[in-house]
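Reviewing the structure listed below.
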Amino acid sequence: MKLYYSPGSCSLSPHIAIHEAGLTAKTELVKVDLQSHTLENGDNYLDINPCGYVPALQLDSGEFLFEGPAIVQYIASLAPEKNLAPAADTFERAKLQQRLNFLATELHKGLAPLFNPALSDDAKGVFIEGYSKRLTQLVESMGDSEYLVGDQFSVADIYLFVILSWHPYFDFDASPWPSLKAFQERIGSRPAVQEALKHEGLA
């Protein structure tokens, strides 16, 4: 397989999942310059994903899979013994998909505009307010659980870890949610997470 990624972006989520699944020897990592939409060999990434963003996963068959939540679930299915996702066609799997959708649409997309340097301070305030509200809802829904889906680590936890790792880029104060700091430290200490971070020059 080939994983098309950009360091520190949302593609870090499937990158970590590949390490957690023990599939690094079977996966080639292809770095993408998101500004120029080019690969290191000069090829045009838009020929692979017309949307221009990462991640993209190319299978051995030559087929492509896009969108992080879909990719991490596929990776989990390749190593079922690792229990990175509940079994298909179960209520727990539906809960995982619920979490992934929330992370993608409410948190990830809520933060994405803040990476735009042209965004006004007033606009930033609106996005931060909305994002903060969703963080509160997420923490309340987790309760005392250490993970997003029951008591089992899953690919949803990886995705949340990556989103939370973006806070320093725009000086977001996460102190009102101390449980998320503990979550970030707990997930970040996993060997597979550290391996992926080192590969991307983030550790």
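Heavy-atom basis, side chains included; hydrogens, waters and symmetry copies ignored. All values derive from a computational prediction rather than experimental measurement.
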Which atom names give the shortest non-hydrogen contact between Ala88 and Arg93, and what distance separates them? N-NH1, 3.8 Å
Is any side-chain heavy atom of Val193 closer than 4.5 Å to one of His19? no
Less than 4.5 Å apart, any side-chain heavy atom of Lys31 and any of Ser6? no
Can you find a pair of side-chain heavy atoms, one from Tyr147 and one from Met142, that are under 4.5 Å apart? no
If the test is salt bridge (charged side-chain N to carboxylate O under 4.0 Å, His left out), which one of Lys133, Arg99, Arg134 qualifies with Glu106? Arg134
For Ser175 and Asp173, what are the C-alpha separation, side-chain angles and deciding distance, and is it a side chain to side chain donor-acceptor pair (under 3.5 Å)? CA-CA 6 Å; Ser175 61; Asp173 179 15; 2.7 Å; yes
Within the 4.5 Å heavy-atom criterion, are Leu103 and Leu148 side-chain neighbours or not? yes
Axial cation check for Phe153 ring with Arg190, 6.0 Å and 45° limits: yes
Single-linkage hydrophobic cluster, 4.5 Å side-chain cutoff, Val149 and Ile158 together: yes
Side chains of Ser13 and Val155: closer than 4.5 Å at any heavy-atom pair? no
Validation row: Tyr53, Val32 side chains within 4.5 angstrom (heavy atoms): no
Sole residue of Tyr131, Phe172, Phe183 in ring-ring contact (aromatic ring centres under 6.0 Å, His included) with Trp177: Phe172
Measure the OG1-NZ distance between Thr24 and Lys26 for me, rounded to the nearest 0.5 Å. 10.5 Å
Side-chain contact, heavy-atom cut-off 4.5 Å: Glu200 with His15? yes
